[in-house]
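Residue numbers count from 1 along this sequence.
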Amino acid sequence: MPIKHFLQFSDLSRSDFEYLIERTRDIKARFKRYEPYYPLQDRTLVMIFEKASTRTRLSFEAGMHQLGGSAIYLNTKDSQLGRGEPVEDAAQVISRMCDIVMIRTYEQEIVERFATNSRVPVINGLTNEYHPCQILADIYTFIEHRGSIQGKTVAWVGDGNNVCATWLQAAEMLDFQVNVSTPAGYEVDPKLNIKGTHHAYFADPMEACKNADIVTTDVWTSMGFEMENSERMKAFADFQVDTDMMNVANKEAVFMHCLPAHRGEEVAAEVIDGPQSVVWDEAENRLHTQKALMEFLLLGRK
């Protein structure tokens with residue numbers, strides 16, 4: 001079977017995502033029952049980190065162990081990747097010694113080049129441009145709480161970053177709407193050329209949140225943009241998700257955040273710690289959706 005990669009949300013089909021949602025449900029249920037399930041016995045995941053992470057490392061490493069496989073952590077500071085070895089050469093070597101690779105790095109081009117030269121599936125654990133594993137977990141979390149996401153509305157408030165861009169891809173794939181509200185100058189990168197009819201832009205975040213089924217945000221200063229922090233604090237001052245925004249959303253709306261969160265900045269404490277917040281389920285579901293994803297990329301549909 002040809003190698004499948006997951007480098008951005010649009011790499012898989014709607015049918016693939018429907019399968020992954022059902023597979024996640026089954027794998028999570030087994031986990032909750034403490035039922036051993038080892039479909040990836042003797043398989044090895046290599047995790048390459050150029051950007052640090054808590055949730056990405058933990059969810060992939062624990063997930064691979066729970067499926068019966070093993071995981072190896074590589075930091076670019078400790079490997080030849082950080083010393084100028086061409087990505088293409090690294091991909092040739094690493095992919096001969098493992099079964100699947102997850103990369104968390106800066107430019108999307110790096111994961112694309114690695115995948116082109118890899119003998120095994122490659123997963124994007126985050127780049128500056130996209131964060132597909134996060135949105136897979138977010139969508140599963142919504143379905144778990146509220147049912148189908150088709151026809152629903154997501155309000156994105158804040159930085160038009162990699163998570164936002166991935167929501168836009170997912171909306172086209174799975175037929176829901178994204179209302180995006182960002183400060184001027186912090187829109188989704190036009191170079192990503194995300195087209196379609198399933199998103200709209202709003203200058204006023206309150207307008208974006210009206211009747212939304214999901215209200216979601218991210219930190220105002222993502223990793224790699226720390227030098228802009230004071231400037232961003234001023235630009236984003238009116239873009240905190242607070243109770244007023246949640247009150248104009250659908251009464252059954254949920255609040256999401258990919259974490260880590262800064263209470264009092266991008267989200268009010270009473271929202272993230274309130275009854276509409278599903279952020280802890282969302283964080284846990286990274287584990288379960290990624291287990292389903294790794295099983296699918298390695299073994300196909302079960």
Apart from I3 itself, residues in the same hydrophobic cluster as defined by side-chain heavy atoms under 4.5 Å:
none
Which other residues end up in the same hydrophobic cluster as M97, if Ile, Leu, Val, Met, Phe, Trp and Tyr are linked when side-chain heavy atoms come under 4.5 Å apart?
V93
Among residues two or more places apart or on two chains, list those pairs meeting ring-ring contact (aromatic ring centres under 6.0 Å, His included) that have a residue in [range].
range: residues 34-72; result: F49-Y73
range: residues 272-302; result: Y19-F296, F31-H288
range: residues 238-273; result: none

Test: salt bridge (Lys or Arg N to Asp or Glu O under 4.0 Å). Region: residues 158-181. Which pairs qualify, not counting sequence neighbours?
D159-R232
Could you name each residue pair satisfying salt bridge (Lys or Arg N to Asp or Glu O under 4.0 Å) that touches residues 182-209, not counting sequence neighbours?
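Of all non-adjacent pairs touching residues 182-209, those that pass salt bridge (Lys or Arg N to Asp or Glu O under 4.0 Å) are E207-K210.
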Apply ring-ring contact (aromatic ring centres under 6.0 Å, His included) to [X] and list each qualifying residue two or more places apart in sequence or on a separate chain.
X: H131; answer: none
X: H198; answer: none
X: F142; answer: none

With sequence neighbours excluded, residues passing side chain to side chain donor-acceptor pair (under 3.5 Å) with H145
D281
Who passes side chain to side chain donor-acceptor pair (under 3.5 Å) against D26, sequence neighbours left out?
R23, R30
